[in-house]
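Everything below concerns the one structure shown next.
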2 protein chains.
Amino acid sequence: MVDKKSKNWTGCPVRFGMSQFGDKWSFLIIRDIMFKGRRYYNEFLEAGEGISTNILANRLADLEFNGLVSKHQDTIKRSKYIYRLTEKGIALMPMMLSMIDWSERYDEQTEVPAEFIKKLRESPEALQKELLEQLTKDSTNG
Amino acid sequence: MVDKKSKNWTGCPVRFGMSQFGDKWSFLIIRDIMFKGRRYYNEFLEAGEGISTNILANRLADLEFNGLVSKHQDTIKRSKYIYRLTEKGIALMPMMLSMIDWSERYDEQTEVPAEFIKKLRESPEALQKELLEQLTKDSTNG
DNA sequence: AAAATTGACTTGCTTTTTACAAGTTAAATA
DNA sequence: TATTTAACTTGTAAAAAGCAAGTCAATTTT
């Protein structure tokens with residue numbers, strides 16, 4: 001959990017960030033939506049890192065509560081819920097890309113595609129625009 | 001703790017990042033060194049968020065183990081230890097600055113100085129260079 | 001030189017979170 | 001009508017965090 005109760009987590013920007021999305025699983029969920037096109041509870045579960053169902057539900061609720069993620073019923077299949085990044089969530093993209101850039105440098109076993117990293121370093125604006133379109137286009141649902 | 005045992009945390013850059021610095025306290029320690037000029041155990045303790053002594057020791061050890069932070073005896077007062085960011089740690093600056101930029105936007109009670117945020121948005125290179133000099137100059141010790 | 005203090009932890013114990021397995025519920029198929 | 005799918009919830013054990021107190025070496029003070 002990312003702290004809710006406790007004192008005052010506003011003010012300092014790093015502390016504020018931590019209170020909004022500052023735990024491992026939140027980052028991974030944001031990654032899944034932002035870069036992997038995942039949008040359903042099920043898809044997050046199958047992400048590979050093995051998050052537990054209760055933790056996932058909890059983190060999605062936190063992220064929604066903090067306004068980073070929105071939750072809507074799927075219009076076609078009403079038993080499903082679509083999770084999306086809000087504008088506030090999408091605005092984390094530069095931070096996420098910086099992290100990716102860093103990890104590519106320091107993880108010897110990085111799996112970041114060479115093409116992606118090249119684009120990130122040579123024309124970050126273009127890459128960001130591309131990713132943003134992916135996030136926004138959104139296949140009619142919700 | 002930021003996971004040590006468990007499977008394979010390399011590969012995915014977000015997952016890798018989480019394994020290297022992916023918890024609240026680690027971020028706050030990095031902030032303290034990077035932006036507040038703190039370098040001693042004591043100074044981290046007094047940071048205001050109230051980290052426990054054992055957790056602080058543990059996180060510093062993790063960060064050192066991961067090569068983000070270095071630890072050296074203070075040359076003047078040998079009972080003290082100086083903690084610094086390594087190059088690898090310093091390389092997180094763009095990510096930290098992106099987070100600060102984001103928080104300034106979304107935290108209504110942000111305390112980021114207007115001057116700082118202006119510089120960050122108008123001439124990020126210059127700001128980064130300034131901050132870097134602060135980190136590198138380093139008052140003769142260690 | 002002895003006593004007190006500083007600085008950086010470590011230890012023990014309680015509380016809070018996380019992880020894992022199993023169960024529930026509504027909606028959509030078969 | 002009976003299954004299956006999708007998204008959770010609940011219960012419980014294990015791990016991590018938080019808190020207070022204690023250790024220990026290097027200063028400083030008396």
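Just so it is clear: chains get the letters A, B, ... in the order the sequence lines come, proteins before strands, and each one is counted from 1.
- DNA chain D is contacted by both A:Lys80 and A:Ala57; A:Lys80 maps to the nucleotide lying nearer its 5′ end (nearest heavy atom per residue).
- The A:Ser52 side chain lies nearest to C:dC20 when the options are D:dG18, C:dC9, C:dC20.
- Here the closest heavy-atom approach between residue B:Lys88 and residue B:Asn66 is recorded as NZ-O, 2.8 Å.
- Here C:dA8 presents its P atom at 14 Å from CD of B:Glu64, a figure rounded to the nearest Å.
- When the P atom of C:dA8 is taken as reference, atom CG of B:Asp74 falls 9 Å away, rounded to whole Å.
- With D:dC19, C:dT10, D:dT9 as the candidates, the nucleotide lying closest to the side chain of B:Tyr41 is C:dT10.
- For C:dT17, the OP1/OP2 oxygens have no side-chain nitrogen or oxygen of A:Lys24 closer than 4.0 Å.
- Proximity of B:Trp25 to the phosphate of D:dA16: no side-chain N or O atom is located under 4.0 Å from OP1 or OP2.
- Along DNA chain C, the nucleotide closest to B:Leu60 and the one closest to A:Ile51 are compared, and the more 5′ of them pairs with B:Leu60.
- Side chain of A:Thr53, nearest nucleotide from C:dA8, D:dA17, C:dA22: C:dA22.
- Here the side chain of A:Tyr83 is nearest to one of C:dG12, D:dC8, C:dC9, namely D:dC8.
- The shortest distance between the side-chain N/O atoms of B:Asn42 and the OP1/OP2 oxygens of C:dA8 is below 4.0 Å.
- Here D:dC8 presents its P atom at 13 Å from CG of A:Asp62, a figure rounded to the nearest Å.
- With a 6.0 Å cutoff to the six-membered ring centre and a 45° limit on the axis angle, B:Lys71 counts as a cation-pi contact of B:Tyr81.
- The phosphate of C:dA27 (OP1 or OP2) has no side-chain N or O of A:Tyr81 nearer than 4.0 angstrom.
- Computed from coordinates, the B:Glu43 CD to C:dA8 C1' distance equals 13 Å when rounded to whole Å.
- For the OP1/OP2 pair of D:dA6 and a distance below 4.0 Å, the side-chain nitrogens and oxygens of A:Lys77 include at least one atom meeting the criterion.
- Nucleotide C:dA22 holds its P atom 16 Å from the CG atom of A:Leu45, rounded to whole Å.
- Between B:Glu87 and A:Arg105, none of the side-chain N atoms (NZ, or NE/NH1/NH2) sits under 4.0 Å from a carboxylate O, so this pair counts as no salt bridge.
- C:dG7 atom C1' lies 15 Å from atom CD1 of B:Ile76, rounded to whole Å.
- Closest to the side chain of A:Tyr40, from the set D:dA7, D:dG18, C:dC20, is D:dA7.
- For the pair B:Asn58 CG and C:dT11 P, the computed distance is 13 Å after rounding to whole Å.
- In this structure, A:Ile55 places its CD1 atom 7 Å from C1' of C:dT17, rounding to the nearest Å.
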**Request:** Please lay out, stage by stage, how A:Arg121 and A:Asp101 fare under the test salt bridge (charged side-chain N to carboxylate O under 4.0 Å, His left out).
**Result:** CA-CA 8 Å; A:Arg121 289 177 187 153; A:Asp101 193 338; 2.7 Å; yes
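- Between B:Asp32 and B:Arg39, no side-chain nitrogen of the basic residue sits less than 4.0 Å from a carboxylate oxygen of the acidic one, so the salt-bridge criterion is not met.
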